[in-house]
Amino acid sequence: MLLEADDLNVRYGRNHAVRHVSLSVDEGEIVTVLGANGAGKSSLLKALQGTAGATADALRFRGQDISSRSAQKRVRSGLVMVPEGRQIFVSLTVHDNLLMGAYCRRDSDVAKDIEGVYERFPNLAQRRTMPASVLSGGEQQMLAISRALLARPVLMMLDEPSLGLSPILVNQLFELIVALNRDGLSILLVEQNTHKALQTASRGYVLELGRVVAEGTPDQLRAGEKLEAAYLGAG
Ligand code: ATP
């Protein structure tokens, strides 16, 4: 297993936001985490990244216990999150945003990797010296993903990447996720777009009020009633 969490919990004071979650991602997999607003999806990803305080019976990445590792060290070992809402630096240039993604790296291939991003995304290349504020929502999401790629991830965790994108851009985004996965990247995908996420992932988990209420293949999750209930329950 690439990533394994066993009995993971996140508490904000008395709010037990992530409850006894056990989850795994194998090498080469796309795994999705589904659930309504407030189900605890972002808290789960932040706990895995190390930016939210958590307790767990076990938290392993690439076979090593990472439970006491800082977020920065987790990034350096290849566990990289693309946060919800993209969180790019709109006043910085596109190029400087990409450089930020490489802040943990010590090697000399950063410039080469940035050129690789520009080849993949000509829209970003054309705007490399402009502030990121000129980018469209879809381009900003590409920039956020590219910035994460600059950290040389082994496992990329994406928090609701399709949020706010038009249907065409959502399709492009999911094509990109599949292409990155084909290139060898493992992916943990938090989504509210259940339909697209289940089309793309090989396995998934459904969170409801911080708990895993269903897990399995896309077919198993579509056939069960937990998926619908998780959303209706929160509505
Ligand atoms: P969304 O899709 O709205 O982001 P989510 O499934 O990602 O929802 P979380 O954002 O993880 O859910 O929130 C889970 C619970 O934890 C909610 O009750 C939320 O109010 C609470 N929560 C999240 N972040 C904090 C925080 N920093 N401090 C206190 N409570 C928080």
Side-chain angles (χ1 to χ4, degrees), residues 2-3 25 30 32-33 41-42 44-52 61 66 69-166 169-170 172-191 200:
L2 183 59
L3 175 76
V25 182
I30 300 179
T32 188
V33 175
K41 307 180 299 299
S42 298
L44 172 62
L45 285 200
K46 286 179 192 161
L48 296 171
Q49 181 68 92
T51 55
F61 182 58
I66 58 164
R69 253 187 225 172
S70 68
Q72 190 171 337
K73 281 199 176 134
R74 294 184 200 190
V75 170
R76 213 176 277 155
S77 65
L79 183 59
V80 182
M81 174 159 134
V82 180
E84 185 176 355
R86 337 219 200 287
Q87 297 187 16
I88 61 173
F89 302 98
V90 286
S91 59
L92 293 184
T93 63
V94 167
H95 195 81
D96 285 344
N97 268 281
L98 291 174
L99 279 176
M100 299 286 290
Y103 80 103
C104 279
R105 285 173 57 176
R106 301 274 179 270
D107 62 278
S108 54
D109 289 338
V110 174
K112 196 181 96 205
D113 287 357
I114 291 185
E115 282 313 310
V117 163
Y118 288 150
E119 272 168 38
R120 196 189 269 268
F121 303 110
N123 285 358
L124 297 184
Q126 283 164 13
R127 295 168 178 76
R128 66 178 86 188
T129 58
M130 296 182 194
S133 56
V134 306
L135 300 179
S136 68
E139 289 166 344
Q140 289 193 4
Q141 188 55 272
M142 297 306 153
L143 178 59
I145 291 172
S146 300
R147 183 181 59 185
L149 287 174
L150 261 296
R152 290 206 160 164
V154 174
L155 174 62
M156 188 185 277
M157 303 189 286
L158 295 142
D159 194 352
E160 297 197 23
S162 75
L163 205 70
L165 299 185
S166 69
L169 290 173
V170 169
Q172 285 176 7
L173 169 76
F174 277 89
E175 280 166 19
L176 172 64
I177 289 171
V178 169
L180 292 173
N181 178 249
R182 280 211 194 103
D183 290 348
L185 189 63
S186 305
I187 289 170
L188 182 59
L189 174 67
V190 159
E191 260 300 335
T200 310

A.B. asks: Show me the pairs that pass ring pair (Phe, Tyr, Trp, His ring centres under 6.0 Å) and involve residues 109-154, at least two apart or across chains.
C.D. replies: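 For residues 109-154, and leaving out neighbouring residues, the ring pair (Phe, Tyr, Trp, His ring centres under 6.0 Å) pairs sorted by first residue read H95-Y118.
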A.B. asks: Testing the basics here: between V75 and A151, what is the closest heavy-atom pair and its distance to 0.1 Å?
C.D. replies: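 Closest approach of V75 to A151: CG1-CB, 4.0 Å.
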A.B. asks: Enumerate the residue pairs fulfilling salt bridge (Lys or Arg N to Asp or Glu O under 4.0 Å) with a member in residues 145-157, sequence neighbours excluded, ordered by first and then second residue.
C.D. replies: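 Every pair satisfying salt bridge (Lys or Arg N to Asp or Glu O under 4.0 Å) with a residue in residues 145-157: D109-R152, D113-R152.
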A.B. asks: List the atom of A102, the atom of V110, and the distance in Å for their closest heavy-atom pair.
C.D. replies: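 That would be CB-CG1, 3.7 Å.
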A.B. asks: How long is the gap from OG on S166 to CG on L169, to the nearest 0.5 Å?
C.D. replies: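 Interatomic distance, S166 OG to L169 CG, rounded to 0.5 Å: 3.5 Å.
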A.B. asks: Quick one: closest heavy-atom pair of I177 and P161, and the distance?
C.D. replies: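 Looking at all heavy atoms of both residues, the closest pair is CD1-CG, 4.5 Å.
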A.B. asks: Can you name the closest pair of heavy atoms from V82 and A144 and give their distance?
C.D. replies: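 Answer, listing the atom of V82 first, then A144: CG1-CB, 3.9 Å.
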A.B. asks: CG/L180 to CD1/I145 distance, rounded to the nearest 0.5 angstrom?
C.D. replies: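 CD1 of I145 is found 7.0 Å from CG of L180.
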A.B. asks: Considering all heavy atoms of both residues, which atom of S186 and which atom of N181 are nearest to each other, and what is their separation?
C.D. replies: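 That would be CA-ND2, 4.4 Å.
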A.B. asks: Any non-hydrogen side-chain atom of F174 less than 4.5 Å from a side-chain atom of L189?
C.D. replies: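 Yes - at least one pair of side-chain heavy atoms lies under 4.5 Å apart.
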A.B. asks: If I take atom CD from residue Q172 and atom OG from residue S162, how far apart are they, to the nearest 0.5 angstrom?
C.D. replies: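 Reported to 0.5 Å precision, the distance equals 13.0 Å.
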A.B. asks: Judged by atom type as modelled, is there a donor-acceptor pair below 3.5 Å linking the side chain of Q140 to the main-chain atoms of I88?
C.D. replies: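 Side chain of Q140 to backbone of I88, a donor-acceptor pair under 3.5 Å: no, none is there.
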A.B. asks: I need the L150 CG to C104 SG distance, nearest 0.5 Å.
C.D. replies: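 Rounded to the nearest 0.5 Å, the CG-SG separation comes out at 11.5 Å.
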A.B. asks: Please report the shortest heavy-atom distance between I187 and L155, naming the atom on each side.
C.D. replies: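 That would be N-CD1, 3.6 Å.
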A.B. asks: When you measure from the side chain of R69 to the backbone of G50, do you find a donor-acceptor pair of N or O atoms at a distance under 3.5 Å?
C.D. replies: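 No, the answer is negative, given that no donor and acceptor are paired below the 3.5 Å cut-off.
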A.B. asks: Less than 4.5 Å apart, side chain to side chain, heavy atoms only: is that true for R74 and F61?
C.D. replies: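 With C-beta onward as the side chain, the pair stays apart.
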A.B. asks: Check this for me, if you would: do K41 and E84 make a salt bridge, where the nitrogen-to-carboxylate-oxygen distance has to be below 4.0 angstrom?
C.D. replies: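 No.
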A.B. asks: Got a second to check how far M142's CE is from R120's CZ, nearest 0.5 Å?
C.D. replies: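 These two atoms lie 10.5 Å from each other.
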A.B. asks: Taking it one step at a time, do L163 and Q141 satisfy side chain to side chain contact (heavy atoms under 4.5 Å, CB included)?
C.D. replies: CA-CA 10 Å; L163 205 70; Q141 188 55 272; over 6 Å; no
A.B. asks: Are the side chains of L158 and E191 in touch, meaning some heavy atoms are under 4.5 Å apart?
C.D. replies: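 A side-chain contact under 4.5 Å is absent here.
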A.B. asks: Rounded to the nearest 0.5 Å, how far apart are CG of L98 and CG of L92?
C.D. replies: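 If I round to the nearest 0.5 Å, the distance is 11.0 Å.
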A.B. asks: When the side chains of residues 123-135 are checked against the rest of the protein, which donor-acceptor pairs come out under 3.5 Å, sequence neighbours left out?
C.D. replies:
{"unit_1": "N123", "atom_1": "ND2", "unit_2": "E139", "atom_2": "OE2", "d": "3.2"}
{"unit_1": "R127", "atom_1": "NH1", "unit_2": "N123", "atom_2": "O", "d": "3.1"}
{"unit_1": "R128", "atom_1": "NE", "unit_2": "A125", "atom_2": "O", "d": "3.2"}

A.B. asks: For the side-chain contact (heavy atoms from CB on, under 4.5 Å) test, which of I66, L188, V154 pairs with L79?
C.D. replies: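 Checked I66, L188, V154 against L79; only one passes side-chain contact (heavy atoms from CB on, under 4.5 Å): I66.
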